[in-house]
Amino acid sequence: ARLVVRRLRPGPEDVVGDPACGDGSFLDAAVAEGAERVFGFDVDPEAVEQASARLAGAATVRHADVLAGTDGSSSWGTLPTSRPSGCRAT
């Protein structure tokens, strides 16, 4: 996650979001690289709990289904993410 986020070079003015944040590794990396407006979503309540604990208030993490379009992600500028667990690349 850190390698991907370093290549993106997020700054304090960027909005960084992860639509399938899992345990929050991308969000954590974005905060470590200086991003200040960091948001994550996941459909798994346990993952949201893990990410929230990992980030300790440094990012906003919510339970939402991004694919259903109920999360407000259309305003994000940067979306680093890995495939959600169980999804195959096509």
Side-chain angles (χ1 to χ4, degrees):
R2 291 206 189 277
L3 178 64
V4 171
V5 173
R6 271 191 208 124
R7 292 198 62 171
L8 293 171
R9 297 184 186 138
E13 70 284 351
D14 293 318
V15 176
V16 179
D18 186 344
C21 69
D23 69 359
S25 61
F26 278 114
L27 304 175
D28 191 35
V31 169
E33 289 295 317
E36 296 178 2
R37 298 184 304 165
V38 181
F39 302 88
F41 300 91
D42 206 287
V43 296
D44 181 353
E46 288 183 32
V48 170
E49 197 172 301
Q50 288 175 342
S52 295
R54 178 182 197 155
L55 291 150
T60 300
V61 182
R62 291 191 349 211
H63 178 250
D65 185 349
V66 173
L67 297 177
T70 60
D71 60 285
S73 63
S74 63
S75 63
W76 294 349
T78 304
L79 292 171
T81 190
S82 55
R83 285 190 317 263
S85 178
C87 290
R88 287 185 6 186
T90 56

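Any value given below was found using the heavy atoms of this structure, including those in side chains, with hydrogens, waters and symmetry copies removed.
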> How many angstroms lie between CZ in Phe39 and CG in Asp18, if you round to the nearest 0.5 Å?
Replying inline: 13.0 Å
>> Which heavy atom of Leu27 sits nearest to which heavy atom of Cys21, and what is that distance?
In response: CD1-CB, 3.8 Å
> Hey, are the side chains of Arg2 and Ser25 touching, using non-hydrogen atoms and a 4.5 Å cut-off?
Replying inline: no
>> Between Arg54 and Asp23, is the side-chain contact (heavy atoms from CB on, under 4.5 Å) condition met? List the steps.
In response: CA-CA 7 Å; Arg54 178 182 197 155; Asp23 69 359; 3.2 Å; yes
> Heavy-atom distance under 4.5 Å between the side chains of Val61 and Phe41, does that happen here?
Replying inline: no
> Going by an N to O cut-off under 4.0 Å, is there a salt bridge joining Asp14 and Arg37?
Replying inline: no
> Under a 4.5 Å cut-off applied to non-hydrogen side-chain atoms, are Asp28 and Leu55 in contact?
Replying inline: yes
>> Do Glu33 and Val16 have side chains that approach each other closer than 4.5 Å (heavy atoms only, starting at C-beta)?
In response: no
>> Main chain of Gly22, side chain of Asp42: is a donor-acceptor contact present, judged purely on distance under 3.5 Å?
In response: yes
